[in-house]
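The structure appears right after this line, and notes come after that.
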Amino acid sequence: MSIQLYNTLTRKKERFVPLEEGKVKMYVCGPTVYNYIHIGNARPVIAFDTVRRYLEYRGYEVNYVSNFTDVDDKIIKAANDLNEEVGELTERFIQAYFEDVHALGCEKATAHPRVTEHIEDIVKFIRLLIEKGYAYETNGDVYYRTREFDGYGKLSHQSIDELKVGARIEENVIKSDPLDFALWKTAKEGEVSWDSPWGKGRPGWHIECSVMARELLGDTIDIHAGGQDLTFPHHENEIAQSEAATGKTFANYWMHNGYINIDNEKMSKSLGNFVLVHDIRKQINPKVLRFFMLSVHYRHPVNFAQELVESAANGLERIQTAYNNLQHRLTLSADLAEDSQQWITGIDEQITAFETAMDDDFNTANAIAVVFELSKQANIYLLEKNTDSCVLQRFIEAFDLLMGVLGLPFETAAELVDDEVDSLIQERLEARKNRDFSRADEIRDELKAKGIVLEDTAQGTRWKRG
RNA sequence: GGCGGCAUAGCCAAGCGGUAAGGCACGGGUCUGCAACACCCUUACCACCGGUUCGAUUCCGGUUGCCGCCUCCA
């Protein structure tokens, strides 16, 4: 089977075929670092981290690049407000980004380029665009001549004339067309700036991604991804810049994730309902957040609400419990059981079902449903009087494999050894044998107060942290 | 005005031509000394109106209701 993915460019699911067999060049637009990231910023990071993991699972070598926009108007403003150097501020929030995103189970990209490290490349790129007649300089600003690029609008599927009609762009006499956009902005008094052929200034927003993608991945890449709202104008402009400069296709596949709403409302500054990952992960297990987001297809909107996250947490708990119970059973004497092959075949079928789900445009909602099915199978197997350690092992491997692809590895059961708890459990076992249930319940309550939940099974008592 | 998305059980969410996956919550059983975990059972006129089809939740047209982009917001 091959991977099918939805390409914004064609508005269809397409079979994924990379430029180079076995390798994927992927670029994901990263954050502007002037604050902690909010959960809306986190969605593409999680979604495309999962895409990457699955591609790797499928045997691809993925060169995954995600940038930091570390100079722009908002950053300059934030730095001024906080009376902090731009470089200090961005460094601070870049580190915070790594912490937040790591907590959410996302791997580091192959490269995390920053705009300020690529100014020279950007200047060179802009000069190329000017030479080719796609850009012009006015008073120290450089603009992209949108009308010059034939394919403008092909990603957002708008004709350039429609865009012009709808454009609520303030009259800017400097630009020769309202749809033209800045490649280079002349510096205002006291602003951070770099030298250029057009005087002191800094890059416009869109140019950075064109340049860094090209520098790190080449003229044509396989997948370019980001939030839905970046489709226009950001990605549209990137295409215009890159394809005008190189004469080649910029990216073969464009992927865009849907929005996050808060309590059914758009997350916005005016509503004051921004949820920062930095804050929320103190209240909600970040793994639950990831699981919650992956329970909806990446192109659909996700509604973030307390009760929905809680029910996701319960679901994840169910999976974790099944996994723990398999581990627990494995520590007991391995019985020989019949029908082992049948169970193993069943497990393999689930793995195949998982792959089928993920092959279909990374349908994590269905993939998670498969993990639930696997949990059910495991629970049913644990009902058996005799279990085979090979089957238990195979279940555990399957769980590790699938949850690993989702970026949701299980907690290691290292803390399963606790002498004090064990001796209390032994004492309780004795008490129960002597039908001293009040003492038994006392011990159970005592442990519960410490956050340890006991579960009696036919094979003995197991415990977990509740 | 242009482009696009969504409407499926109490809630969340897949499916997208052959009479509806999964999860959470609820109810009833089983297991248990009691619990917990778990298992079993039960629960859907797929927004509305037309059309195409042997057959539509799934395709086409329309209606209604939400939502997004067209503003350097993921």
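Just the heavy atoms: all of them, side chains too, but no hydrogens, waters or symmetry mates, feed the values below. Naming convention: chains lettered A, B, ... in sequence-line order (proteins, then strands); numbering from 1 in each chain.
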Name the nucleic acid region contacted by [X], choosing base, sugar-phosphate or nothing; use a 4.0 angstrom heavy-atom cut-off, strictly under.
X	value
A:Ile260	base
A:Asp72	nothing
A:His38	base
A:Ile368	nothing
A:Thr321	sugar-phosphate
A:Ser156	sugar-phosphate
A:Gly258	base
A:Arg439	nothing
A:Asn237	nothing

Side chain of [X] - closest among [options]:
X	options	result
A:Leu230	B:rC39, B:rA36, B:rA74	B:rA74
A:Lys464	B:rC73, B:rG15, B:rC37	B:rC37
A:Asn379	B:rC39, B:rA14, B:rA74	B:rC39
A:Ala369	B:rC3, B:rA21, B:rG15	B:rA21
A:Asp229	B:rG15, B:rC73, B:rC3	B:rC73
A:Thr32	B:rG68, B:rC34, B:rA74	B:rA74
A:Asn363	B:rC40, B:rA36, B:rA14	B:rA14

Residues from residues 40-50 of chain A lying under 4.0 Å of RNA chain B - heavy atoms: A:Gly40, A:Asn41
For B:rU52 and B:rA9, measure between their P atoms and round to the nearest Å. 28 Å
For [X] and [N], give me the distance from atom [atom1] to atom [atom2], rounded to whole Å.
X	N	atom1	atom2	answer
A:Phe232	B:rG2	CZ	C1'	12 Å
A:Gln459	B:rA38	CD	C1'	12 Å
A:Asp100	B:rA74	CG	P	15 Å
A:Leu155	B:rC3	CG	P	17 Å
A:Ile443	B:rC34	CD1	C1'	15 Å
A:Asn366	B:rG22	CG	P	11 Å
A:Asn261	B:rA74	CG	P	16 Å
A:Asn325	B:rA36	CG	C1'	11 Å

Between A:Lys376 and A:Asn314, the residue closer to the 5' end of RNA chain B by nearest nucleotide is A:Asn314
Which residue lies more 5' along RNA chain B, comparing A:Phe291 with A:Val453 via nearest heavy atoms: A:Phe291
Before giving the answer on salt bridge (Lys or Arg N to Asp or Glu O under 4.0 Å), spell out for A:Asp161 and A:Arg147 the whole-Å C-alpha distance, their side-chain angles and the decisive distance to 0.1 Å. CA-CA 10 Å; A:Asp161 296 311; A:Arg147 288 220 168 253; 3.1 Å; yes
A:Lys266 vs B:rC69: side-chain N/O to OP1/OP2 distance below 4.0 Å: yes
B:rC73 OP1/OP2 closer than 4.0 Å to side-chain N/O of A:Lys74: yes
Distance flag, aromatic centroids of A:Phe181 and A:Tyr143, threshold under 6.0 Å: no
Aromatic plane relationship, A:His38 with A:Phe274 - under 30° parallel, 30 to 60° tilted, over 60° perpendicular: perpendicular
Tell me whether A:Glu307 at atom CD has more than 12 heavy atoms from other residues, nucleotides or ligands lying less than 6.0 Å away. no
With a 6.0 Å cut-off (strictly less than), is the heavy-atom count around CG of A:Asp150, excluding the residue itself, greater than 12? no
Is any side-chain N or O of A:Arg444 under 3.5 Å from a base N or O of B:rC34, one able to act as donor and the other as acceptor? yes
Using only modelled atom types and a 3.5 angstrom limit, is any donor from either the side chain of A:Asp441 or the base of B:rG33 paired with an acceptor on the other? yes
Carefully, step by step, assess A:Asn80 and A:Lys77 under the rule side chain to side chain contact (heavy atoms under 4.5 Å, CB included). CA-CA 5 Å; A:Asn80 280 340; A:Lys77 184 176 182 302; 5.7 Å; no
As an exercise, state the distance from CG of A:Asp456 to CG of A:Leu429, rounded to the nearest 0.5 Å. 7.5 Å
If you measure from OH on A:Tyr298 to OG1 on A:Thr50, what distance do you get to the nearest 0.5 Å? 11.5 Å
Would you mind reporting whether A:Ser242 and A:Arg214 have side-chain heavy atoms less than 4.5 Å apart? no
Going by atom types alone, do [X] and [Y] pair a side-chain donor with an acceptor below 3.5 Å?
X	Y	value
A:Tyr27	A:Asn67	yes
A:Tyr97	A:Asn41	no
A:Gln95	A:Glu99	no

Positive for ring pair (Phe, Tyr, Trp, His ring centres under 6.0 Å) with A:His224, one of A:Phe48, A:Phe250, A:Tyr64, A:Tyr253: A:Phe250
Please tabulate the protein-to-nucleotide N/O contacts below 3.5 Å involving nucleotides 5-11 of chain B, giving atom names and distances.
none

Cation-pi check, A:Lys266 onto A:Tyr259 ring (under 6.0 Å, within 45° of axis): yes
For RNA chain B, the expected dot-bracket line (Watson-Crick or G-U under 3.5 Å, [ ] crossing, | inter-strand) is (((((((..(((.....[...)))..((((.......)))).....(((((..]....))))))))))))....
Is there aromatic stacking of A:Phe372 against B:rG22, centre distance under 5.5 Å, plane angle under 30°? no
